[in-house]
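Step one of this worksheet: look at the structure below.
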Amino acid sequence: MLEVDRNPSNYLIIHYSCESFYRVEDGRTPRITSIAVLDFASGQVASFSIHKTAEILGILYNEISSSYDDIERKMLDEYFYFVERHLDRTWIHLNMRDLNYGFAAIEHRYQVLGGEPIIVPDGKKIDLGRLLSQFYGDGYAAHPHMDSLIAMNGITRKDYLAGGQEADAFENREYNKLHLSTLRKVQVLESIVRLAAERKLKVDTKQYQWYGLSPQGIFEMLKDTWWGWAVTIAFSALVGAWVSSLF
């Protein structure tokens, strides 16, 4: 899978929260409420959020809703400045694939607010959800996948909000809760990436299903376990001895 352990400085992990898709009644696209980007090498997180930006602009917490456009524009100014300085990195994300939820959705909101987005090339994006499905099989975890992986792998849920809870938090103007959830989710993704890279991620599919039952698949499966290495070495030694006995 990902070789993040070999070149960690090449990778960033991104996640963001937004207004509910289903509660926007005036036909506009959902507002972006917070974005978090984690540097895989250092563990440092760059974050961009409605309430933090409002504080910088001198807008009181209870007055944020009356100045959404100005605050969101300023927040996205800072985000795209960050993007421009990190276009050489590979961006790991979860299902951020389209205008409904994804890089394109953030870019569209910025355009709506009068900005000119910096585009992360598609070749620099890795969808972790698709990658896990390709490696472990489609049934690697029950829906919602992230929640299931958290439970199976003992990853902390502190400050974590599910989709419906995030929508409620926005409606209730609990912007800090949204921000903390976004920070937690990018850290959850980091944990999943690290465990997967180390072949330690617990999933619902069996190991033989990851590799397949072809000779090459069996060899790769053995190669990725300590006991498999022992079996492989012992088998190679037996084959070598047998070949030597023929001459």
Next on the checklist: Could you tell me if the side chain of Ile192 sits less than 4.5 Å from the side chain of Leu132, heavy atoms only?
Outcome noted: yes
Next on the checklist: If I take atom CD from residue Gln165 and atom CG from residue Asn172, how far apart are they, to the nearest 0.5 angstrom?
Outcome noted: 11.5 Å
Checklist entry - Quick one: does Ser67's side chain have a donor or acceptor within less than 3.5 Å of a partner on Ile64's backbone? => result no
Checklist entry - Hey, what's the ring geometry for Tyr101 with Tyr16, parallel, tilted or perpendicular (30° and 60° as the breaks)? => result parallel
Item to check | Derivation of the side chain to side chain contact (heavy atoms under 4.5 Å, CB included) call for Leu12 and Thr90 | outcome: CA-CA 6 Å; Leu12 299 172; Thr90 296; over 6 Å; no
Next on the checklist: Before you tell me yes or no, could you show the steps for Leu149 and Tyr140 under side chain to side chain contact (heavy atoms under 4.5 Å, CB included), namely the whole-Å CA-CA distance, both residues' side-chain angles and the distance that decides it to 0.1 Å?
Outcome noted: CA-CA 9 Å; Leu149 290 176; Tyr140 72 89; 3.9 Å; yes
Checklist entry - With distance as the sole test, does Ser17 use its side chain to make a donor-acceptor pair with the main-chain N or O of Thr33 at under 3.5 Å? => result no
Next on the checklist: Give me the atom names and distance for the closest heavy-atom approach of Leu99 to Ala105.
Outcome noted: O-CB, 3.3 Å
Checklist entry - Is there a path of hydrophobic side-chain contacts, each under 4.5 Å between heavy atoms of I, L, V, M, F, W or Y residues, that connects Leu161 with Tyr175? => result no
Item to check | For Lys124 against Asp88, the heavy-atom pair lying closest together | outcome: NZ-O, 3.1 Å
Item to check | Any side-chain donor near an acceptor of the partner, Asp77 and Tyr110, under 3.5 Å | outcome: yes
Next on the checklist: Rounded to the nearest 0.5 Å, what separates atom CG in Leu113 from atom CE in Met75?
Outcome noted: 9.0 Å
Next on the checklist: Could you walk me through whether Val4 and Arg194 satisfy the side chain to side chain contact (heavy atoms under 4.5 Å, CB included) test, starting with their C-alpha distance in whole Å, then the side-chain angles of each, then the deciding distance to 0.1 Å, before giving a yes or no?
Outcome noted: CA-CA 8 Å; Val4 292; Arg194 288 190 182 279; 5.7 Å; no
Next on the checklist: Please determine whether a side-chain nitrogen of the Lys or Arg among Arg31 and Asp69 lies less than 4.0 Å from a carboxylate oxygen of the Asp or Glu.
Outcome noted: yes
Checklist entry - Does some side-chain heavy atom of Val37 sit less than 4.5 Å from a side-chain heavy atom of Ile13? => result no
Checklist entry - Any donor and acceptor pair, going by atom type alone, linking the side chain of Asp127 with main-chain N or O of Asn95 inside 3.5 Å? => result yes
Checklist entry - Would you say Trp91's side chain and Val83's backbone share a donor-acceptor pair under 3.5 angstrom? => result no
Checklist entry - If you group Ile, Leu, Val, Met, Phe, Trp and Tyr by side-chain heavy-atom gaps below 4.5 Å, do Ile50 and Ile56 land in one group? => result no
Checklist entry - Between Lys125 and Asp122, is the closest basic N to carboxylate O distance under 4.0 Å? => result yes
Checklist entry - Taking side chain as C-beta onward, heavy atoms only, is Leu76 less than 4.5 Å from Arg109? => result yes
Checklist entry - Do Glu19 and Arg28 pass the salt bridge (charged side-chain N to carboxylate O under 4.0 Å, His left out) test, and can you show the C-alpha distance, the side-chain angles, and the key distance before you say yes or no? => result CA-CA 11 Å; Glu19 190 177 5; Arg28 62 177 171 79; 2.8 Å; yes
Checklist entry - NE2 of His145 to CG of Asp138: how many Å apart, nearest 0.5 Å? => result 8.0 Å
Checklist entry - Between Glu190 and Lys185, does at least one N-O distance fall below 4.0 Å, as a salt bridge requires? => result no
Checklist entry - CG of Leu57 to CG of Asp70: how many Å apart, nearest 0.5 Å? => result 7.5 Å
Item to check | Side-chain heavy-atom pair Leu189, Ile92 within 4.5 angstrom cut-off | outcome: no
Checklist entry - Taking a hydrophobic cluster as the set of Ile, Leu, Val, Met, Phe, Trp and Tyr residues connected by side-chain heavy atoms closer than 4.5 Å, whether directly or through intermediates, do Phe80 and Val112 fall within one such cluster? => result no
Item to check | Minimum heavy-atom distance between Gly129 and Leu94, given as atom pair plus value | outcome: N-CD1, 3.5 Å
Checklist entry - Yes or no on side chain to side chain contact (heavy atoms under 4.5 Å, CB included) for Thr53 and Tyr79, after CA distance, side-chain angles and deciding distance? => result CA-CA 11 Å; Thr53 304; Tyr79 164 71; over 6 Å; no
Item to check | Tyr61 side, atom OH; Glu174 side, atom CD - distance, nearest 0.5 Å | outcome: 7.5 Å
Item to check | Non-hydrogen side-chain atoms of Arg157 and Ile150 separated by less than 4.5 Å | outcome: yes
Item to check | Donor + acceptor pair across side chains of Glu166, Ser181 (<3.5 Å) | outcome: yes
Item to check | Side chains of Gln134 and Leu131 in contact at under 4.5 Å (non-hydrogen atoms) | outcome: yes
Checklist outcome for this item: Nearest heavy-atom contact between Ala142 and Ser148 is O-OG, 2.7 Å
Checklist entry - Leu183 versus Val45: any side-chain heavy-atom pair under 4.5 Å? => result yes
Next on the checklist: Counting only heavy atoms from other residues, nucleotides and ligands, does the tally under 6.0 Å from CZ of Arg6 exceed 12?
Outcome noted: no
Item to check | Any side-chain donor near an acceptor of the partner, Ser34 and Thr182, under 3.5 Å | outcome: yes
Checklist entry - Would you say Leu87 and Pro121 make side-chain contact, with heavy atoms under 4.5 Å? => result yes
Checklist outcome for this item: Of all heavy-atom pairs linking Asp98 and Asn100, the shortest is OD1-N, 3.0 Å
Checklist entry - About how many Å separate CE of Met152 and CG of Asp147, when rounded to the nearest 0.5 Å? => result 10.5 Å
Checklist entry - More than 12 heavy atoms of other residues, nucleotides or ligands under 6.0 Å from CD of Glu198: is that the case? => result yes
Item to check | Whether His93 and Phe103 hold their rings parallel, tilted or perpendicular, with breakpoints at 30° and 60° | outcome: perpendicular
Next on the checklist: Under 3.5 Å, is there a donor on one side chain and an acceptor on the other for Tyr136 and Asp204?
Outcome noted: no
Next on the checklist: Tell me if the CZ atom of Arg173 is crowded by more than 12 foreign heavy atoms within 6.0 Å.
Outcome noted: no
Next on the checklist: Quick one, Arg89 with Asp39, criterion salt bridge (charged side-chain N to carboxylate O under 4.0 Å, His left out). Give me CA distance, side-chain angles, the key distance, then yes/no.
Outcome noted: CA-CA 10 Å; Arg89 303 291 193 91; Asp39 185 299; 3.2 Å; yes
Next on the checklist: I want to know whether His86 and Phe82 have ring centres closer than 6.0 Å.
Outcome noted: yes
